[in-house]
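I have placed the structure first, in the form of structure tokens, so that the comments after it can refer back to it.
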Amino acid sequence: MSDPSEQPDIPSPEMVDVNLSRVVLYEGANRQYIYLREAEGERSFAIVIGTTEAYEIARVIRSDPPKRPLTHELLYRTIQAVGSEVIGVDIVRLERDTYYASLRVRPDGGEPVEIDARPSDAIAIALRARCPLRVARAVIDAAATD
């Protein structure tokens, strides 16, 4: 039997694969928006995020690195430096208009670990790692707009 750490992530029926479909930036506003869309579907939903996080996500999409590492880049490099890898981001629940996420990290040779994170921070890191984004089916059922 092969080592379970070498097995690819198996999709969970309770999770839906999504892609970041767009970032909406409103200059001078405190609230920015990111939109996630089902990878194999038409539903999408918005998450309200802060300006700093929105510009950081947009910077990663544009492949426009800052002159010095900012917080998300620093954390991603630290994860790599200690021999771990980011394997995914899950948006796990929605409570009173607030989304909750988990950053999934696999330590070198270890079992995956879930780290509580704001969706915007987790997505900013996931974009660097080019890893999957997933949303709990219950969350997308409650939040999706067609």
Side-chain angles (χ1 to χ4, degrees), residues 4-66 69-80 82-146:
S5 67
E6 294 176 7
Q7 299 292 325
D9 282 342
I10 298 170
S12 165
E14 300 303 317
M15 300 301 289
V16 176
D17 291 327
V18 295
N19 297 310
L20 178 64
S21 64
R22 63 186 165 140
V23 179
V24 177
L25 304 172
Y26 293 108
E27 199 165 322
N30 292 330
R31 297 167 48 140
Q32 310 299 329
Y33 297 85
I34 56 174
Y35 287 82
L36 300 176
R37 176 181 284 289
E38 286 178 301
E40 295 184 21
E42 295 299 317
R43 296 184 299 172
S44 66
F45 65 98
I47 298 178
V48 177
I49 65 174
T51 300
T52 303
E53 294 80 8
Y55 278 97
E56 182 62 11
I57 289 170
R59 181 190 333 274
V60 174
I61 292 168
R62 291 190 315 261
S63 298
D64 179 22
L70 298 175
T71 305
H72 299 103
E73 180 69 21
L74 175 64
L75 180 55
Y76 179 59
R77 288 183 187 182
T78 301
I79 291 168
Q80 291 180 310
V82 298
S84 297
E85 69 174 317
V86 178
I87 59 172
V89 167
D90 292 342
I91 312 281
V92 295
R93 71 182 194 275
L94 172 62
E95 292 179 12
R96 294 186 297 266
D97 297 327
T98 300
Y99 292 90
Y100 294 82
S102 290
L103 182 66
R104 293 183 295 121
V105 176
R106 184 183 336 243
D108 185 28
E111 292 295 315
V113 177
E114 291 187 7
I115 302 167
D116 183 36
R118 296 185 309 172
S120 57
D121 294 330
I123 290 169
I125 294 166
L127 292 172
R128 287 173 170 78
R130 293 181 165 84
C131 65
L133 302 174
R134 304 184 309 180
V135 176
R137 187 169 305 284
V139 171
I140 200 163
D141 288 346
T145 57
D146 294 334

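Rounding to the nearest 0.5 angstrom, the gap separating the CD1 atom in Ile57 from the OG1 atom in Thr52 is 11.0 Å. In this structure, the separation between NE2 on His72 and CZ on Arg59 is 10.5 Å, given to the nearest 0.5 Å. Interatomic distance, Ile91 CD1 to Ile123 CD1, rounded to the nearest 0.5 Å: 4.5 Å. With values rounded to the nearest 0.5 angstrom, Thr51 atom OG1 is found 10.5 Å from Glu27 atom CD. Distance check, rounded to the nearest 0.5 Å: OH of Tyr55 to CD1 of Ile49 gives 11.0 Å. Residue Ile61 holds its CD1 atom at 10.5 Å from CD of Glu56, rounded to the nearest 0.5 Å.
Residues Tyr99 and Ala143 share a closest heavy-atom pair of OH-CB, 3.2 Å. When every heavy atom of Ala46 is checked against every heavy atom of Tyr33, the shortest pair comes out as CB-CD2, 4.3 Å. For the residue pair Asp116 and Ala101, the shortest heavy atom distance occurs at OD1-O, 3.4 Å. Closest non-hydrogen pair, Val86 versus Ala129, comes out as CB-CB, 3.7 Å. The nearest pair of heavy atoms linking Ala122 to Leu103 is O-CD1, 4.2 Å. Scanning both residues, Val82 and Ile79, for their nearest heavy atoms gives CG2-O, 3.3 Å.
Taking the side chain as every heavy atom from C-beta outward, Val135 and Asp90 never approach each other to under 4.5 Å. With a 4.5 Å cut-off on side-chain heavy atoms, Arg77 and Pro69 count as touching. At a threshold of 4.5 Å between non-hydrogen side-chain atoms, the residues Asp121 and Leu75 do not count as touching. Inter-residue side-chain proximity for Arg37 and Asn19 is flagged as unmet; no heavy-atom pair is nearer than 4.5 Å.
Checking side-chain atoms of Arg118 against main-chain N and O of Tyr100 turns up no donor-acceptor pair under 3.5 Å. The backbone N or O of Tyr35 sits nowhere less than 3.5 Å from a side-chain atom of Ser44 that would complete a donor-acceptor pair. Within the 3.5 Å criterion, the main-chain N or O of Arg43 finds a donor-acceptor partner in the side chain of Glu38.
Counting non-hydrogen atoms of other residues, nucleotides and ligands closer than 6.0 Å to CD of Glu95 gives a total above 12. Crowding of Asp64 atom CG: a count of heavy atoms from other residues, nucleotides or ligands under 6.0 Å exceeding 12. For Tyr26, the OH atom counts as loosely surrounded, since its 6.0 Å shell holds 12 or fewer non-hydrogen atoms of other residues, nucleotides or ligands.
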